[in-house]
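First up is the structure itself, then whatever we jot down about it.
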Amino acid sequence: LLFSVANLAHNDWFQLSPSGKQVARGILHDVPAQVLADELMCTPSHIYNLRSSIRKKWGIESNQALRQAIAERMPKER
């Protein structure tokens, strides 16, 4: 069975929890951590933990661009 890179990236997106997806969308749109925290009714430190969780699940090092990784993995709206 062959999998395309797009399918693998698409599968990465579905590894995220609903709050992880919301944080990822926020990162993609440059939403500050405090605003995301207010939307999710949590603390900014929880937002940073979710960011770290995304990096860990996707194998993204701290020196790699998270925003670019999200853009590559987020399903395209049709």
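Side-chain atoms of W58 do not come within 3.5 Å of backbone N or O of A69 as any donor-acceptor pair.
Following chains of ILVMFWY side-chain contacts shorter than 4.5 Å, one can reach V35 starting from L28, so the two form part of one hydrophobic cluster. Using a 4.5 Å cut-off between side-chain heavy atoms of Ile, Leu, Val, Met, Phe, Trp and Tyr, with links allowed through other members, M41 and V23 fall into different hydrophobic clusters.
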Pairs of donor and acceptor atoms involving the side chains of residues 59-66, under 3.5 Å and at least two apart or interchain, shall be tabulated with distances.
from	atom 1	to	atom 2	distance (Å)
Q64	OE1	E61	N	2.6

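Taking every heavy atom of both residues into account, Q22 and E39 meet most closely at NE2-OE1, 3.4 Å. Looking at every heavy atom in both residues, I47 comes nearest to A33 through CG1-O, 3.8 Å. Across all their heavy atoms, P44 and A37 have their closest contact at N-CB, 3.6 Å.
Shown here are the side-chain hydrogen bond (donor to acceptor under 3.5 Å, both in side chains) partners of S52, two or more places apart in sequence or in another chain: there are none. In this view, S19 and S17, L40, L50 satisfy the side-chain contact (heavy atoms from CB on, under 4.5 Å) rule, not counting sequence neighbours. Listed by chain and number, the residues in a side-chain hydrogen bond (donor to acceptor under 3.5 Å, both in side chains) with Q34 are D38 (sequence neighbours excluded). D30 is linked by a side-chain hydrogen bond (donor to acceptor under 3.5 Å, both in side chains) to R67, counting only residues two or more places apart in sequence or in another chain. Every residue two or more places apart in sequence or in another chain that forms a side-chain hydrogen bond (donor to acceptor under 3.5 Å, both in side chains) with S45 is listed here: T43.
Taking CZ of R25 as the start and CG of L36 as the end, the distance is 11.5 Å to the nearest 0.5 Å. The structure places CG of N49 at 11.5 Å from NZ of K56, a figure rounded to the nearest 0.5 Å. Annotation: the span from R51 atom CZ to I70 atom CD1 amounts to 7.5 Å, rounded to 0.5 Å. For the atom pair R73 CZ and W13 CH2, the distance stands at 11.0 Å (nearest 0.5 Å).
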